[in-house]
Amino acid sequence: MSIRRMVRVRGGMAVAVATVMVVTLAGCGGDGDGKSAEPRKSASAQPQGAPSQKAGPSTSQSSEPTEVIAMLNGQAGMALEINSVRRDPGGFLTVSGQLKNTGSQSYKDTVAWRGIELKGTGESVAGATLVDKAGKKRYYVLRDTESRCLCTTGVSSVDPGQVIPFFAQFPAPPTSTTEVEFSLPTFATATVKISG
């Protein structure tokens, strides 16, 4: 076999081996701890976003019609619209909706929304609770291993007309429970039906 032919054969093998390695590595996209990643949900629902992520303020409305399960009025023109209360796989219940400032001035009194948030973890809606009246049980927002809430974070103020996506995740009540009472400090309380 001539040297020129050997170089061609070896070059072709190198390309084939590199292609196989790229395809193999692309299929191994895990995080290295052997656990599978949680499935991602749509940004509009935001039920299971990473707790360290901030829910970015938004002034635009979605073009899709959104069901309004409950509207809770708050202080100084603030309103909390609840769009879904769903059971998620793994025994969780996620409440999602939108915080809206219908007033004429910027709302800055968001500290009460934190509830018993641990020091240094920033603004959040971790003060939200669910009450299962039939089961006589109160549920608090879940936290990760670093004590960050599984809820909307980073809301220090809400400008007039501003709409901010809202979510909070709780342990799910028993499947026999079909409705719960939802509350967030500074807002009215509402009884909401659970779907899913």
Side-chain angles (χ1 to χ4, degrees), residues 36-75 77-102 107 110 112-115 117 123-144 148-155 158 161-196:
S36 63
E38 288 184 11
R40 294 183 185 238
K41 304 248 179 170
S42 71
S44 63
Q46 289 189 2
Q48 292 195 27
S52 61
Q53 293 177 342
K54 294 183 178 182
S58 168
T59 53
S60 63
Q61 293 287 336
S62 171
S63 59
E64 297 178 22
T66 305
E67 181 182 3
V68 178
I69 295 172
M71 182 66 82
L72 289 69
N73 293 320
Q75 299 173 340
M78 286 301 301
L80 173 57
E81 177 184 290
I82 297 177
N83 302 122
S84 70
V85 181
R86 296 192 184 279
R87 291 181 190 276
D88 298 324
F92 306 117
L93 185 129
T94 303
V95 177
S96 358
Q98 300 176 335
L99 286 162
K100 299 179 177 184
N101 185 345
T102 62
Y107 185 80
T110 64
W113 299 350
R114 297 181 199 179
E117 187 73 46
E123 297 93 357
S124 74
V125 293
T129 59
L130 292 180
V131 174
D132 173 4
K133 286 187 173 181
K136 298 181 179 171
K137 205 166 187 184
R138 180 182 303 269
Y139 296 91
Y140 295 93
V141 174
L142 291 169
R143 295 181 181 275
D144 67 12
R148 294 176 298 201
C149 76
L150 299 180
C151 65
T152 300
T153 60
V155 182
V158 186
Q162 188 175 19
V163 177
I164 298 174
F166 169 91
F167 85 97
Q169 194 169 56
F170 302 87
T175 53
S176 59
T177 300
T178 58
E179 61 181 28
V180 288
E181 194 175 77
F182 175 85
S183 64
L184 178 66
T186 75
F187 289 90
T189 300
T191 300
V192 291
K193 289 196 179 298
I194 299 172
S195 63

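FYI, the numbering just counts along the sequence from 1.
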[X] side, atom [atom1]; [Y] side, atom [atom2] - distance, nearest 0.5 Å:
{"X": "Met78", "Y": "Gln162", "atom1": "CE", "atom2": "CD", "value": "8.5 Å"}
{"X": "Gln169", "Y": "Leu142", "atom1": "CD", "atom2": "CG", "value": "5.5 Å"}
{"X": "Phe166", "Y": "Asn83", "atom1": "CZ", "atom2": "CG", "value": "10.5 Å"}
{"X": "Leu184", "Y": "Ile82", "atom1": "CG", "atom2": "CD1", "value": "9.0 Å"}

Keeping the roles fixed (side chain from [X], backbone from [Y]), state whether a donor-acceptor pair exists under 3.5 Å.
{"X": "Asn101", "Y": "Gly161", "result": "no"}
{"X": "Thr191", "Y": "Val180", "result": "no"}
{"X": "Thr94", "Y": "Arg86", "result": "no"}
{"X": "Thr110", "Y": "Val155", "result": "yes"}

Considering all heavy atoms of both residues, which atom of [X] and which atom of [Y] are nearest to each other, and what is their separation?
{"X": "Leu130", "Y": "Val95", "answer": "CD2-CG2, 4.3 Å"}
{"X": "Leu99", "Y": "Leu80", "answer": "CD2-CD1, 3.8 Å"}
{"X": "Ala79", "Y": "Met71", "answer": "CB-SD, 4.0 Å"}
{"X": "Thr186", "Y": "Ala112", "answer": "CG2-CB, 3.8 Å"}
{"X": "Cys151", "Y": "Ala126", "answer": "SG-N, 3.8 Å"}
{"X": "Ala128", "Y": "Val141", "answer": "O-CG2, 3.5 Å"}

Carefully, step by step, assess Phe182 and Phe170 under the rule side chain to side chain contact (heavy atoms under 4.5 Å, CB included). CA-CA 11 Å; Phe182 175 85; Phe170 302 87; 4.2 Å; yes
Do Arg87 and Pro173 make a side-chain contact, defined as non-hydrogen atoms from C-beta onward lying under 4.5 Å apart? yes
Any Thr189 side-chain heavy atom under 4.5 Å of Leu72 side chain: no
With side chain to side chain contact (heavy atoms under 4.5 Å, CB included) as the criterion, how do Lys137 and Thr177 come out once you've worked through the C-alpha distance, each side chain's angles and the decisive distance to 0.1 Å? CA-CA 11 Å; Lys137 205 166 187 184; Thr177 300; over 6 Å; no
Mind checking whether Tyr107 and Trp113 have parallel, tilted or perpendicular rings, split at 30° and 60°?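 The rings of Tyr107 and Trp113 lie parallel, inter-plane angle below 30°.
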